[in-house]
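Inspection log for the structure reproduced underneath, given as structure tokens.
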Protein chains: 2
Amino acid sequence: MPPPAGRTGRPRSAEAHSAILRATRTALAELGWSRLSMSDVAARAGVARTTLYRRWPGKNELVVDAVAALLDEQLELPDSGSLAGDIEGVVLRFAQLLERPETRSALMAVVAESTRDPALRERVTAAIVDRQKALVLRGRERARARGELPPETDEAASARESDLVFDVIAGTVVHRALVSGEPVDAEWARRFTRMVLGGLPALTAEG
Amino acid sequence: MPPPAGRTGRPRSAEAHSAILRATRTALAELGWSRLSMSDVAARAGVARTTLYRRWPGKNELVVDAVAALLDEQLELPDSGSLAGDIEGVVLRFAQLLERPETRSALMAVVAESTRDPALRERVTAAIVDRQKALVLRGRERARARGELPPETDEAASARESDLVFDVIAGTVVHRALVSGEPVDAEWARRFTRMVLGGLPALTAEG
DNA sequence: ATCTTACGATACGGCTCGTAGCGTAAGTCA
DNA sequence: TGACTTACGCTACGAGCCGTATCGTAAGAT
């Protein structure tokens with residue numbers, strides 16, 4: 001896999017690189033995770049099968065990179081002016097990503113594989129999880145600046161808290177969309193946000 | 001797959017059935033999802049490969065059944081006397097299940113596959129999701145009986161609410177355990193429960 | 001005793017895997 | 001310009017799994 005440093009010979013084709021990632025995404029959307037094969041991707045990308053193995057160790061790593069490229073395009077956090085608005089915004093953005101067939105089939109699969117493969121776990125964390133988490137941290141900063149949340153006092157407690165919030169938001173949205181199989185629409189995002197901010201009683205109070 | 005009704009000939013071996021499911025779980029724990037093969041399971045179970053195909057259409061369905069059997073043993077909701085205690089209890093029970101290597105590797109994988117296969121989705125829903133959801137519903141009934149939650153008024157709203165709570169609890173625990181890769185211990189369960197009941201501000205209020 | 005179904009064993013074509021070896025193309029550096 | 005280094009496409013390989021079919025046998029039901 002190493003095209004590491006001190007380059008001298010023929011450089012790797014950048015066109016091939018993006019063509020492969022693109023082919024991986026369309027193949028994912030068409031075939032799903034289990035039926036996706038390296039042979040198939042190579043054929044779609046118009047590239048020799050060996051070229052894939054020169055750049056990625058296997059299917060897992062290839063898919064992680066292919067999906068990560070999507071996140072950079074899609075994940076943003078529009079400043080809505082309120083904490084509730086920011087949460088609803090990130091929820092809907094994330095849900096929008098989960099509507100794409102390629103992410104639906106890929107995300108859970110790579111997570112499943114990563115439970116047995118530490119190297120893959122790191123790759124997933126760096127390429128996908130951290131990108132999402134950054135949004136949560138940014139939103140909290142804004143909320144503090146507005147006075148919607150108290151300023152940070154204990155740094156460790158603050159980190160634990162944002163970890164929890166991240167798991168709640170990302171986990172719930174994924175579960176709703178992929179496990180329960182129900183739509184994540186604006187109305188659901190509103191109710192979810194109310195629960196995150198006010199807890200279960202606040203949710204019951206009003207319809 | 002159909003051993004449907006009007007039986008007359010030789011019955012299917014019940015020993016083989018449980019031996020196969022047991023072999024599937026140990027193979028899952030050893031190899032993980034992607035490297036698990038029907039051939040391997042058959043060999044471990046001491047059964048001909050064709051016997052597996054007579055009972056299950058493929059790897060997906062076999063694994064769902066193998067994991068579902070675990071849930072029946074493990075999933076219960078001890079009555080702790082308070083809503084908070086019940087939530088912490090079910091969170092810890094579920095987390096305990098997610099510590100087993102066979103469930104870790106299997107759960108997300110079958111969910112990933114089910115996003116492309118409606119029949120598999122139904123199987124997952126019936127065998128796994130509904131079993132978990134029943135716990136949430138039971139806990140809510142108890143809380144209402146104790147007066148911790150207001151009695152049901154609108155039935156539709158009530159169903160939406162329990163769906164949301166279910167996604168929040170199951171989704172967050174799974175995300176914490178499998179994506180973030182952090183332990184779900186008693187201390188975390190306490191903080192999570194406080195957030196579910198009181199919302200984000202309640203969480204910040206105390207350490 | 002007969003009938004029906006499950007079982008084990010074996011074999012098949014088709015596919016994917018990961019690696020290796022080759023000659024050629026595309027750059028870098030003197 | 002020419003030597004060097006690396007990527008590329010192509011072909012081939014052994015191994016493994018897949019899903020199905022076939023066959024003779026075993027185990028219960030009637």
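Proteins get letters first, then strands, A, B, ... in listed order; numbering begins at 1 in each.
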**Q.** Between CE on residue B:M195 and CE on residue A:M195, distance to nearest 0.5 Å
**A.** 8.5 Å
Q: Begin with the C-alpha distance, continue with both residues' side-chain angles, and end with the deciding distance and a verdict on side-chain contact (heavy atoms from CB on, under 4.5 Å) for A:I20 and A:W56.
A: CA-CA 11 Å; A:I20 291 172; A:W56 289 276; 3.7 Å; yes
**Q.** B:S80-B:D86 side chain donor-acceptor pair, cut-off 3.5 Å
**A.** yes
Q. Roughly, in whole Å, what's the span from OH in A:Y53 to C1' in D:dG9?
A. 16 Å
Q: Take atom CH2 of B:W56 and atom P of D:dC18, then tell me their distance rounded to the nearest Å.
A: 15 Å
**Q.** Non-hydrogen side-chain atoms of A:N60 and A:R123 separated by less than 4.5 Å
**A.** no
In a table with atom names and distances, give each donor-acceptor pair under 3.5 Å that connects a side chain of residues 31-38 of chain A to protein atoms at least two apart or in another chain.
{"from": "A:S34", "atom 1": "OG", "to": "B:E113", "atom 2": "OE1", "distance (Å)": "2.9"}
{"from": "A:S34", "atom 1": "OG", "to": "B:E113", "atom 2": "OE2", "distance (Å)": "3.4"}
{"from": "A:S37", "atom 1": "OG", "to": "A:D40", "atom 2": "N", "distance (Å)": "3.1"}

Nucleotides 20-24 of chain C: which of its N/O atoms have a protein N/O under 3.5 Å away?
none

Q. Which parts of residues 14-43 of chain B get close to DNA chain D, meaning a heavy atom less than 4.0 angstrom away?
A. B:S37, B:M38, B:S39
Q. How would you list, by chain and number, every residue that makes a side chain to side chain contact (heavy atoms under 4.5 Å, CB included) with A:V136, sequence neighbours excluded?
A. A:V165, A:F166
Q.
If you assign each of B:K59 and A:A48 to its closest nucleotide in DNA chain D, which residue comes earlier from the 5' end?
A. A:A48
Q.
Looking at the base of D:dG9, is there any donor atom on it, or on the side chain of A:R49, that sits under 3.5 Å from an acceptor on the other one?
A. no
(Q) When you compare the side chains of A:E15 and A:S13, does any donor N or O come within less than 3.5 Å of an acceptor on the partner? (A) yes
Q: To the nearest 10°, let me know how far the axis at one end of the helix from C:dA1-D:dT30 to C:dA30-D:dT1 is tilted from the axis at the other, five pairs an end.
A: 20°
Q) So, A:S158 and A:R140: side-chain donor and acceptor under 3.5 Å apart, yes or no? A) yes
Q) Does CD belonging to B:E122 count more than 12 external heavy atoms closer than 6.0 Å? A) no
**Q.** All pairs passing side-chain hydrogen bond (donor to acceptor under 3.5 Å, both in side chains) where residues 91-103 of chain B contributes a residue, at least two apart
**A.** B:R100-B:E102
